[in-house]
Amino acid sequence: MLEKPPVIKSYRWHLGSIAWILHRITGLLLVFYLLLHIWVIHHITSGPEGFNKVMSVVQKPIFLLLEIGLLGTVLYHAFNGVRIMIVEFADNAAGAHKAIFGAVMAIAIFLFLVGGVPMFMHFLHAVSH
Amino acid sequence: MAEYTFRIFRYDPDKDETGRIQEYRFEPEPGWTVLDALNYIKWNLDGSLTYRRACRHGICGSCGMTINGKNGLACETQLKDLGTTVVTIEPLRGFPVIKDLVVDMEPFYDKLYAIKPYLITKTPPPTDKERLQSPEDRKKLDGKYECILCGCCTSSCPTYWADKNFLGPNALLKAARFLFDSRDEGFEDRVNAVDDKHGVWRCHTIFNCVEACPKELNPTQAIVDLRKLMLRGRL
């Protein structure tokens, strides 16, 4: 018997599995971000000068751009999390998970634009100066 | 119809170290299903091709396989609905391959036996009639009892690929079919298997099982319902 048949072709993706893999990826990115965040913040123990030195690095334009990505990551993870909670706790919601995904992502995209556009303007301002 | 290319997974345990793809090209008749094409190959082109089939009416669950990257029944999959003339047919993944498209279903049945898939009663039956059920209680089993054990759901589940001890969507759907049956008194007999890290709590709501099920059942709904039942049991 062939215990481990070679996977000839990846299994077909669909909304449920894409939502799940993105949830995993954004979750890992958030763990990475939190570690970085704690590392930056811990410099407060080295006094104002040391802290300002580190902060001047993370306020460079590239980080302002990455922050927009962070906003998107947080919003996706949070709102897909809401979708999963609805599927888990609402009655007979699993059959409607695609519609729920559409609804929560509409809110997430709206919030991304509300937050992301000013952040991008801030980035452009930082680049031009 | 146009000429189709069938790319079929071949593995002969007596000859092959590993699996390979063999191609067959011919023009199928209009209205053919994937099973009709497999039959044509076996009967006219290559008698060594091995696959399971029985009823060809979508009720025996024998011909579950991966067709163009998605699990389904060969007998229910119309060639014209595939939207391509290149058809890749693989055995159900997640299970050991015995030969060509035939997989070993024992691991699948082991999970099913673990949840005791039969009515368990403790009280003696009424002497003058059967164990009756109200129409409302009967309705609670809709979407749970229709499973034909084809294995398409469990084989499509990434969680099952990663954790071979996971009961899988099929066994959990079957567990729900009995745990939500008003006549059943087997909660205590099944709870240890179901309320386990390899039971309902392993599911990551990926919904591959729902996409794969040829009977359009929703094992994910059954799993989240079981989770709520297990939570209430603990509280």
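The sequence lines fix the lettering, A, B, ..., with proteins before strands; numbering per chain opens at 1.
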Undergrad: When the side chains of residues 46-61 of chain A are checked against the rest of the protein, which donor-acceptor pairs come out under 3.5 Å, sequence neighbours left out?
TA:
unit_1	atom_1	unit_2	atom_2	d
Ser46(A)	OG	His43(A)	O	2.5
Asn52(A)	ND2	Pro48(A)	O	3.4
Ser56(A)	OG	Lys53(A)	O	2.6

Undergrad: Using a heavy-atom cutoff of under 4.5 Å, enumerate the residues of residues 150-165 of chain B that contact chain A, numbered in order, or state 'none'.
TA: Ser156(B), Pro158(B), Trp161(B)
Undergrad: Between Ala19(A) and chain B, with a heavy-atom cut-off of 4.5 Å, which part of the residue counts as in contact: side chain, backbone, both or neither?
TA: neither
Undergrad: Does any heavy atom of chain A fall under 4.5 Å from the side chain of Asn71(B), the backbone, both, or neither of them?
TA: both
Undergrad: Going by atom types only, do Arg52(B) and Ser62(B) share a side-chain donor-acceptor pair under 3.5 Å?
TA: no
Undergrad: With a 4.5 angstrom heavy-atom cut-off, could you sort out which part of Lys70(B) is near chain A: side chain, backbone, both or neither?
TA: both
Undergrad: By a 4.5 Å heavy-atom criterion (distance strictly below it), what part of Ala96(A) contacts chain B: side chain, backbone, both, or neither?
TA: neither
Undergrad: Going by atom types only, do Asn170(B) and Tyr109(B) share a side-chain donor-acceptor pair under 3.5 Å?
TA: no
Undergrad: Looking at Val224(B), Ile206(B), Thr205(B), Thr66(B), which one has more heavy-atom pairs under 4.5 Å with chain A than the rest?
TA: Ile206(B)
Undergrad: Nearest heavy-atom pair of Gly16(A) and His97(A): which atoms, and what distance?
TA: CA-CE1, 3.8 Å
Undergrad: Between Leu217(B) and chain A, with a heavy-atom cut-off of 4.5 Å, which part of the residue counts as in contact: side chain, backbone, both or neither?
TA: neither
Undergrad: Please check if any side-chain donor atom of Trp20(A) sits under 3.5 Å from a side-chain acceptor atom of Asn80(A), or the reverse.
TA: no
Undergrad: Under a 3.5 Å threshold, yes or no: a donor from one side chain and an acceptor from the other, between Thr5(B) and Glu23(B)?
TA: no
Undergrad: So, are Lys42(B) and Asp100(B) salt-bridged, with charged N and O less than 4.0 Å apart?
TA: no
Undergrad: So for Asn218(B), is it side chain, backbone, both, or neither that comes closer than 4.5 Å to the heavy atoms of chain A?
TA: side chain
Undergrad: Measure the acute angle between the ring planes of Tyr40(B) and Trp32(B), then classify it against the limits of 30° and 60° as parallel, tilted or perpendicular.
TA: tilted
Undergrad: Let me know if Glu211(B) has heavy atoms under 4.5 Å from chain A in its side chain, its backbone, both or neither.
TA: side chain
Undergrad: With chain A as the partner, which of Asp104(B), Val103(B), Val210(B) has the greatest number of non-hydrogen pairs under 4.5 Å?
TA: Asp104(B)
Undergrad: Just how far is it from atom NZ of Lys80(B) to atom CG of Leu82(B), taken to the nearest 0.5 Å?
TA: 10.0 Å
Undergrad: Would Asp184(B) and Arg190(B) pass as an ion pair if we require N to O under 4.0 Å?
TA: yes
